[in-house]
2 protein chains.
Amino acid sequence: MTAAPLDPLSKRRLKAWIRLLSVTRQTESRLRERLRVEHGTTLPRFDVMAALWRFHDGLTMSELSRALLVSNGNATVIVDRLEREGLVRRTPMESDRRTVQVKLTAQGKQMFDSMAMDHESEVNRLLGNLDAQDLEQLRAILLKANAQET
Amino acid sequence: MTAAPLDPLSKRRLKAWIRLLSVTRQTESRLRERLRVEHGTTLPRFDVMAALWRFHDGLTMSELSRALLVSNGNATVIVDRLEREGLVRRTPMESDRRTVQVKLTAQGKQMFDSMAMDHESEVNRLLGNLDAQDLEQLRAILLKANAQET
DNA sequence: CACTAAAGTTTCAAGCTTGAAACTATTCCC
DNA sequence: GGGAATAGTTTCAAGCTTGAAACTTTAGTG
């Protein structure tokens, strides 16, 4: 539907996107490897646990998939596996019987705690070249970019 | 192995990473949807074709997976499917019989051309809020971040 | 109250992705 | 030349991911 790219910045935006994707993929790949080698888990499982740790009153499945920007079906299978491993618990809601509340179990909290600091220091290492000014600029740019998402 | 995160910027780097991931996922999701709806294809297929278009003398499987930051096994199945659809061709190399050269077919080139401009204008729209200065800063920051990747 | 629309979740098929293992071809080194 | 190590590719099992369809429950409307 969009017309031909007369915008003179079009090519630069495309290059910026490619670079953004590349840095993100490389970083994700490092983090995935670390979780696998050091903690025997995967990035999606970690992401779910991190979200549940953050919202420690629990999240519904829909809130979870929205927070993680993944599909509902995807959230279901990851929570299924975490639940089978005893790291997470589904509780049917009284107020609205369509929904379930997902929470970390005590074991899940413990597991997450054992990973979180290591994960943070790996992120800190991977982005270690960025100083305070870089981080502030990046923050501003990403917020700006995000505002566009229709 | 890394020690506790005494770095005072550690938390900010973590937040920056989460934001980076979020923007990237949202953007990827938009682009994927557009390719699906408008062109009946997927992002990984598009990525492979874009790499082959860019290096129009062809790439080996290993070069391809390195360029796309995906595993060799992954590259194999995507190229398999593209080949089955006639968009791509594998040619055994004379010089080194371990390797194959992957190239776009004429049909593949045509298909890519029909998608590329649309894809670019979608990227341009999604990052439309970023002006020349933003793009330059982003470029510098991403290059800096990239330099760290051990 | 019935009907309809909407929201929340799961199921499903298809495709993507990884990392390890297997296989083939090449290069290196004695 | 004969191994041994290395490089390129594919195969494989397991898990991730999507989007659509089905199912259940709730809310809204007459």
Side-chain angles (χ1 to χ4, degrees), chain A residues 21 24-26 28-49 58-85 87-102, chain B residues 21 24-26 28-49 58-85 87-102:
Chain A
L21 193 54
T24 304
R25 284 200 184 158
Q26 271 181 75
E28 253 189 308
S29 171
R30 303 291 176 143
L31 294 173
R32 182 183 301 115
E33 165 151 18
R34 186 156 190 100
L35 285 171
R36 181 175 57 83
V37 171
E38 303 286 334
H39 304 283
T41 190
T42 66
L43 199 45
R45 279 163 159 92
F46 179 83
D47 286 344
V48 166
M49 294 178 75
L59 288 173
T60 67
M61 293 299 295
S62 293
E63 288 168 343
L64 190 55
S65 55
R66 264 196 304 276
L68 269 43
L69 301 176
V70 302
S71 66
N72 279 357
N74 191 357
T76 294
V77 359
I78 297 174
V79 168
D80 282 351
R81 289 197 232 264
L82 288 174
E83 193 170 34
R84 204 188 312 141
E85 294 168 19
L87 300 170
V88 135
R89 187 171 30 244
R90 276 185 177 93
T91 315
M93 294 275 278
E94 291 291 322
S95 54
D96 183 341
R97 295 211 323 272
R98 289 171 302 180
T99 72
V100 292
Q101 192 87 0
V102 190
Chain B
L21 192 54
T24 304
R25 284 199 184 159
Q26 272 181 72
E28 252 188 309
S29 170
R30 304 291 176 141
L31 293 173
R32 182 184 301 114
E33 164 151 18
R34 186 157 190 98
L35 285 171
R36 181 175 56 83
V37 171
E38 303 286 334
H39 303 282
T41 191
T42 67
L43 200 45
R45 280 163 159 93
F46 179 83
D47 287 344
V48 166
M49 293 178 76
L59 290 172
T60 68
M61 292 301 293
S62 293
E63 289 168 341
L64 190 56
S65 55
R66 265 196 303 276
L68 268 42
L69 302 176
V70 300
S71 66
N72 278 357
N74 191 357
T76 295
V77 1
I78 297 174
V79 168
D80 281 352
R81 290 196 230 266
L82 288 175
E83 193 171 33
R84 202 188 315 141
E85 294 169 20
L87 299 169
V88 136
R89 186 170 31 243
R90 276 185 176 92
T91 314
M93 293 276 279
E94 290 293 321
S95 54
D96 182 342
R97 293 208 325 270
R98 291 171 302 181
T99 72
V100 292
Q101 192 88 1
V102 190

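Chain identifiers are assigned alphabetically (A, B, ...) following the order of the sequence lines, protein sequences preceding nucleic acid strands; residue numbering begins at 1 within each chain.
C/dA7 atom P lies 17 Å from atom CE of A/M93, rounded to whole Å.
You'll find the side chain of A/T24 reaches within 4.5 Å of the side chain of B/L21, heavy atoms only. Using a 4.5 Å cut-off on side-chain heavy atoms (C-beta onward), A/M61 and A/T76 make contact. B/R90 is not listed as a side-chain neighbour of B/L82, based on a closest heavy-atom distance of 4.5 Å or more.
One distance of note links OG1 of B/T60 with CG of B/D96; it measures 9.5 Å at 0.5 Å rounding. B/T99 contributes atom OG1, which lies 11.5 Å from atom CG of B/L59 (distance to the nearest 0.5 angstrom).
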Might you list the N or O atoms of the protein lying below 3.5 Å from N or O atoms in nucleotides 24-29 of chain C, with each pair's distance?
from, atom 1, to, atom 2, distance (Å)
C/dT26, OP1, B/R97, N, 2.9

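Across all non-hydrogen atoms, the minimal contact from A/S65 to A/A75 is CB-CB, 4.0 Å. For B/L68 against A/R25, the heavy-atom pair with the smallest separation is O-NH1, 3.1 Å.
Residue B/R66 is out of contact with every strand shown, counting any heavy-atom pair closer than 4.0 Å.
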Using a cut-off of 4.0 Å between protein heavy atoms and nucleotide atoms, how would you tag nucleotides 13-21 of chain C 5' to 3' with B, S and -? --SSBBBS-
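At C/dT9, one or more side-chain N or O atoms of A/T60 fall inside 4.0 Å of OP1 or OP2 (strictly under the cut-off). Checking the phosphate oxygens (OP1, OP2) of D/dT10, a side-chain nitrogen or oxygen of B/T76 falls inside 4.0 Å.
Within 6.0 Å of atom CZ in A/R89, 12 or fewer heavy atoms from other residues, nucleotides or ligands are found, so the atom counts as exposed in its surroundings.
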